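Have a look at the structure below before the remarks.
Ligands are counted one by one from 1 in listed order, and the atoms in each one are counted from 1 as well. In this text, all values refer to a predicted model and were calculated from it rather than measured experimentally.
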Amino acid sequence: MIQITRRETFNAAHRLFNPKWSVEKNFEVFGPCSRVHGHNWELFVTVIGEVSEDTGFVVDLKALSKTMREEVISKVDHTYLNEDVPFLAGKLPTTENFAIAVWNILQPAVKEKHGVDLYKIKLTETANHYVEYYGHS
Ligand code: NI
């Protein structure tokens, strides 16, 4: 088995804001991240499988890129994550929750469309932090 990763990028705004709390409490917990701000996000999708004898590929990366764009990027690019994205509705759009939601979309889609298993989601919010998720705790 071998892993291969495709990266896609998008821009989106969010705020870390728990609506159950006051503005002051949110600022106490989340600091300036409690205000609306934007990021240039990077989504890395790693799949695992066997190398095909015919193609030498685990997966056709152009096709995987298309799936990532159709299933995720087109739904989040140039949006306000707290309000505009149905698959994040009711969730605090932290990098953690965002990565889990992306996994839940891509895991079945990757299996169905490409016949390989999703191995890891890596979601980079800033140059200094990212989340990696493997579909289990
Ligand atoms: Ni942020």
Side-chain angles (χ1 to χ4, degrees):
M1 301 283 260
I2 192 164
Q3 297 161 25
I4 190 161
T5 301
R6 172 74 195 183
R7 167 185 174 266
E8 298 289 333
T9 61
F10 60 96
N11 315 113
H14 71 165
R15 75 191 293 204
L16 303 185
F17 191 91
N18 186 331
K20 291 182 204 145
W21 298 340
S22 66
V23 169
E24 292 74 21
K25 168 84 174 171
N26 272 285
F27 193 82
E28 201 183 301
V29 174
F30 297 119
C33 293
S34 65
R35 301 178 182 139
V36 178
H37 62 281
H39 297 285
N40 298 317
W41 301 78
E42 294 175 298
L43 173 62
F44 297 82
V45 169
T46 302
V47 302
I48 186 165
E50 301 292 352
V51 176
S52 158
E53 278 189 22
D54 294 332
T55 63
F57 294 164
V58 172
V59 69
D60 178 340
L61 283 180
K62 273 207 300 285
L64 180 62
S65 164
K66 186 165 180 271
T67 299
M68 289 167 69
R69 283 185 277 111
E70 281 175 3
E71 300 285 339
V72 178
I73 306 298
S74 63
K75 295 173 183 170
V76 297
D77 191 29
H78 288 72
T79 65
Y80 176 44
L81 299 173
N82 297 63
E83 294 183 1
D84 299 341
V85 179
F87 74 76
L88 292 173
K91 295 186 179 110
L92 189 60
T94 57
T95 321
E96 292 91 328
N97 282 336
F98 195 2
I100 292 167
V102 169
W103 172 281
N104 289 338
I105 291 168
L106 287 181
Q107 193 275 327
V110 163
K111 188 75 183 170
E112 189 191 317
K113 293 184 182 182
H114 307 288
V116 290
D117 288 315
L118 184 57
Y119 180 74
K120 179 171 86 172
I121 294 294
K122 177 179 167 184
L123 186 62
T124 298
E125 181 173 353
T126 72
N128 295 324
H129 83 273
Y130 58 83
V131 160
E132 292 175 300
Y133 186 58
Y134 299 83
H136 51 80
S137 49

Between D77 and I73 (side chain of the first, backbone of the second, donor and acceptor by atom type, cut-off under 3.5 Å), is there such a pair?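 Not confirmed, D77 side chain does not pair with I73 backbone.
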Ignoring hydrogens and geometry, is there a side-chain-to-backbone donor-acceptor pair from D117 to Y119 under 3.5 Å?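 No; zero donor-acceptor contacts below 3.5 Å.
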Would you say the side chain of W41 lies within less than 4.5 Å of the side chain of L81, judging by non-hydrogen atoms? yes
Can you tell me the angle formed at the Ni ion (ligand 1) by NE2 of H37 and NE2 of H39, to 10°? 90°
Output field for angle at the Ni ion (ligand 1), E125.OE2 vs H14.NE2, rounded to 10°, should show 90°
So, C33 and the Ni ion (ligand 1): N/O/S under 2.8 Å, yes or no? no
To check you understand the geometry: which heavy-atom pair defines the closest contact between F17 and P19, and what is its length?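 Reported closest heavy-atom pair: O-CD, 3.3 Å.
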